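Everything numeric here is computed off the predicted structure, so don't read it as measured data.
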Amino acid sequence: MASYDVLNINVGGIRMKTLRSTLLKYPGSLLAKMFQHGSTLCPMTKDGAYFVDRNPASFVWVLGYLRSGVLPPNLTSEQLEEVRIEACYFFLEDLRLKVDDALTGGASFIRCNVSGVDHEVPMALFGNIPKHTIINLMQFLIGKDFLSSKNNTLFFHNAEALSLITNSLRHERDVTTDVALGTNFYGY
């Protein structure tokens, strides 16, 4: 078997075809491990297709990225979040970083709405923390109902929530602990 073999894959019940070399493009990824010669990580269906138990709608965008190196420009923020989940699952760090840039508009700021007022918070406010780390933190906080997100804007329930996050990050404190404890750390 060569790396240019055409593979039949069944992703969540939807059949797709691609080259093995496409799936092997990022050697450290789970996809590369699943589809390297001799791997037993990906089961076969009765009709000989490799079965991948993931969301086919999101996987199409992952496969498109593997083929072209770019994301479609018309993905909604919800679709980008789905692609991000798949990128994390398959250990596709380059794709995850591109999704993070797309979610933030590639900008040097994060859009925030604090108590109904829109703001563009400069990334510099967060210190030297990488943008993807901030995005990961924001997703954690969204899961804890500390803030919400829609249309690439973070909605803080009040100004203290934004202040807590930025101050904790600037002082290299564990924001997740601060949030869990309700710590209000305002030292500049």
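Classification of Glu81 and Arg84 as a salt-bridged pair fails, no side-chain N sitting under 4.0 Å from a carboxylate O.
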- Test log, rule side chain to side chain contact (heavy atoms under 4.5 Å, CB included), inputs Arg54 and Ile85: CA-CA 10 Å; Arg54 300 301 294 171; Ile85 289 167; 4.0 Å; yes

Fill in: side chain to side chain contact (heavy atoms under 4.5 Å, CB included) between Leu7 and Leu19, worked out
CA-CA 6 Å; Leu7 300 179; Leu19 295 174; over 6 Å; no

**Item:** Leu63 vs Leu23, side chain to side chain contact (heavy atoms under 4.5 Å, CB included): CA-CA, chis, key distance, verdict
**Value:** CA-CA 8 Å; Leu63 192 55; Leu23 299 170; 4.1 Å; yes

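Summarising the geometry, atom CG belonging to Asn10 is positioned 13.0 Å from atom NZ belonging to Lys46; distances are rounded to the nearest 0.5 Å. In this structure, Leu97 CG and Leu92 CG are separated by 11.0 Å, a value rounded to the nearest 0.5 Å. A distance of 8.5 Å separates CE of Met44 from CG of Asn8, quoted to the nearest 0.5 Å.
Nearest approach of Ser58 to Glu82, heavy atoms of both residues: OG-OE1, 3.1 Å. Of all heavy-atom pairs between Gly69 and Lys98, the closest is O-NZ, 2.8 Å. Nearest heavy-atom pair, Ala32 versus Pro27, reported as atom, atom and distance to 0.1 Å: CB-O, 3.5 Å. Nearest approach of Leu80 to Val99, heavy atoms of both residues: O-CG1, 3.3 Å. Residues Asn55 and Ala57 approach most closely at OD1-N, 2.9 Å, considering heavy atoms. Nearest heavy-atom pair across Arg96 and Cys88 is CD-SG, 3.4 Å.
Between Leu95 and Leu71 there is a side-chain heavy-atom pair separated by less than 4.5 Å.
The list of ring-ring contact (aromatic ring centres under 6.0 Å, His included) pairs with a residue in residues 14-36, not counting sequence neighbours, reads Phe35-Tyr50. The salt bridge (charged side-chain N to carboxylate O under 4.0 Å, His left out) contacts involving residues 8-17 comprise Arg15-Asp47, where partners must be two or more places apart or lie in separate chains. Every pair tested for salt bridge (charged side-chain N to carboxylate O under 4.0 Å, His left out) that includes a residue from residues 23-32 fails, sequence neighbours excluded, so the list is empty.
Considering only residues two or more places apart in sequence or on other chains, Thr76 meets the side chain to side chain contact (heavy atoms under 4.5 Å, CB included) condition with Glu78, Gln79. With sequence neighbours left out, the salt bridge (Lys or Arg N to Asp or Glu O under 4.0 Å) criterion links Asp53 to no other residue. Evaluation of the side chain to side chain contact (heavy atoms under 4.5 Å, CB included) rule for Ile14 yields Met16, Pro56 as partners, not counting sequence neighbours.
Clustering ILVMFWY residues whenever any of their side-chain heavy atoms sit less than 4.5 angstrom apart, transitively, puts Phe91 in the very cluster that holds Leu66.
When atom types are taken as modelled, the side chain of Thr45 and the backbone of Phe51 share no donor-acceptor pair closer than 3.5 angstrom.
Residues Phe90 and Phe59 bring their aromatic ring centres within 6.0 Å.
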